[in-house]
Visitor: 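What follows is a single structure, and I will ask about it in a moment.
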Amino acid sequence: MKLTKFGHACWHLEKDGSTLVIDPGSFSGPGLLDNAKAVLITHEHFDHLDVTVLRGASPDLEIWTCQAVADQLTDIPAKIHVVRDGDSFETAGFTVKTIGEWHAPNHPDLPIVQNVGFFVDEEVFYPGDALTPPGVDVPTLLVPTNAPWLKAYEMIEYLRAIRPARAYSTHDGLVNEYGQLLIDTWLTKEAEKQKADMRRIPVGDSVEI
């Protein structure tokens, strides 16, 4: 499987000539749906969901997401599927299990929105905007490294609880070059401690797993 990092929180997963897209949001840059056969969307926040992009999607595209997002996509030509915690499905040649229900608390005055994580091919877990315990072994974790709802301490504790063989930074589009250096330092130190591949992949770069 090939993983390609797009801006902020968006990833392309490619296997056997098929492309699966996770969280094509407003900070993610151009070409978000290029070659996509299916899209997974964790939750409704604009940095994970760009409705304008999805309006231009092919009617053959499949979108898998929570009910709150589906309610915003009623005029989208693609095929919309609602999933919940514990569901399993196949799409674009990938097997996916949904894990989690809620976004991490963000602000005292804001409601906690629905958030479903996706475990793809029993290989890649993307929790969305939450530090959801997956309850299974996770070979590759797409780990949030910066957010209004996240502390570095919590991110490191999450890595230590899951202990993946590989962990790649996501949700990092709000940091400048100094913030990137800090994320790189955290992940490098934790990679050395856990003897694992943990790092930030620059936007546009890919990794084979």
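Bear in mind that the values here come from a model prediction, so they are computed numbers and not experimental data. Residue indices begin at 1 and follow the sequence shown.
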Visitor: Could you list who else is in Trp102's hydrophobic cluster, with ILVMFWY side chains joined at under 4.5 Å, directly or through other members?
Guide: Ile112

Visitor: Using side-chain heavy atoms (C-beta onward) and a distance below 4.5 Å, is Leu150 in contact with Met155?
Guide: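 Yes, their side chains come closer than 4.5 Å.
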
Visitor: Could you check whether any side-chain heavy atom of Ile183 comes within less than 4.5 Å of a side-chain heavy atom of Ser169, counting everything from C-beta outward?
Guide: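 Yes, close enough: below the 4.5 Å cut-off.
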
Visitor: Could you identify which residues cluster with Ile22, counting Ile, Leu, Val, Met, Phe, Trp and Tyr as linked when any side-chain heavy atoms lie under 4.5 Å apart, either directly or through a chain of such contacts?
Guide: Met1, Leu3, Trp11, Leu13, Leu20, Leu40, Trp64, Val83, Phe89, Phe94, Val96, Val116, Phe118, Val120, Val124, Tyr126, Leu142, Tyr168, Ile201, Val207, Ile209

Visitor: Out of curiosity, Lys79 NZ to Leu73 CG, how far, rounded to the nearest 0.5 Å?
Guide: 16.0 Å

Visitor: For the atom pair CG (Leu33) and CG (Leu61), what is the distance rounded to the nearest 0.5 Å?
Guide: 6.0 Å

Visitor: Can you list everything that forms a side chain to side chain donor-acceptor pair (under 3.5 Å) with Arg55? Sequence neighbours excluded, please.
Guide: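 Arg55 satisfies side chain to side chain donor-acceptor pair (under 3.5 Å) with Asp75 once adjacent residues are dropped.
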
Visitor: Quick check: does any side chain N or O of Ser28 sit under 3.5 Å from a backbone N or O of Gly25, one acting as donor and the other as acceptor?
Guide: yes

Visitor: Out of curiosity, Arg160 CZ to Lys193 NZ, how far, rounded to the nearest 0.5 Å?
Guide: 5.0 Å

Visitor: Identify whether Tyr178 and Leu174 are in the same connected component of the hydrophobic contact network (ILVMFWY, side-chain heavy atoms under 4.5 Å).
Guide: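 Per the 4.5 Å side-chain linkage, Tyr178 and Leu174 are not co-clustered.
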
Visitor: So how far is it from Lys5 NZ to Cys10 SG, rounded to the nearest 0.5 Å?
Guide: 8.0 Å

Visitor: For the residue pair His8 / Asp172, report whether a side-chain donor-acceptor contact shorter than 3.5 Å exists.
Guide: no

Visitor: Any donor and acceptor pair, going by atom type alone, linking the side chain of Glu44 with main-chain N or O of Val69 inside 3.5 Å?
Guide: no

Visitor: Is the shortest distance from a Lys or Arg side-chain nitrogen in Lys37 or Glu14 to a carboxylate oxygen in the other one below 4.0 Å?
Guide: no

Visitor: Is the ring pair His48/His43 parallel, tilted or perpendicular, if the boundaries are 30 and 60 degrees?
Guide: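 Ring orientation, 0 to 90° scale: tilted.
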
Visitor: Which residues pass the side chain to side chain donor-acceptor pair (under 3.5 Å) test with Asn146, not counting sequence neighbours?
Guide: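 So Asn146 forms no side chain to side chain donor-acceptor pair (under 3.5 Å) with any residue.
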
Visitor: Taking side chain as C-beta onward, heavy atoms only, is His45 less than 4.5 Å from His103?
Guide: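 Yes, at least one pair of side-chain atoms sits under 4.5 Å.
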
Visitor: Test of understanding: clusters of I, L, V, M, F, W, Y form through side-chain heavy atoms closer than 4.5 Å, transitively. Do Val175 and Phe27 belong to the same one?
Guide: no

Visitor: Compare every heavy atom of Ile99 with every heavy atom of Pro133, then report the nearest pair and how far apart it is.
Guide: O-CG2, 4.1 Å

Visitor: Check the side chains of Asp85 and Thr98 for a donor-acceptor pair under 3.5 angstrom, ignoring hydrogens and angles.
Guide: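 The answer is no; no qualifying pair exists.
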
Visitor: As an exercise, state the distance from CG of Leu187 to CD1 of Ile156, rounded to the nearest 0.5 Å.
Guide: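 Taking CG in Leu187 and CD1 in Ile156, the distance rounds to 6.5 Å.
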
Visitor: State whether a side-chain donor-acceptor pair under 3.5 Å links Asp71 with Gln67.
Guide: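 The criterion, which ignores hydrogens and geometry beyond distance, is satisfied for Gln67 and Asp71.
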
Visitor: Taking salt bridge (charged side-chain N to carboxylate O under 4.0 Å, His left out) as the definition, give me every residue that meets it alongside Lys15, ordered by chain and number, with sequence neighbours left out.
Guide: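 Per chain and number, Lys15 pairs via salt bridge (charged side-chain N to carboxylate O under 4.0 Å, His left out) with Asp121.
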
Visitor: Under the ring pair (Phe, Tyr, Trp, His ring centres under 6.0 Å) definition, can you give me all pairs with a residue in residues 185-209, not counting sequence neighbours?
Guide: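 Ring pair (Phe, Tyr, Trp, His ring centres under 6.0 Å) check on residues 185-209 returns no pairs.
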
Visitor: Ignoring hydrogens and angles, tell me if any N or O in the side chain of Thr132 forms a donor-acceptor pair with the backbone of Pro134 under 3.5 Å.
Guide: no

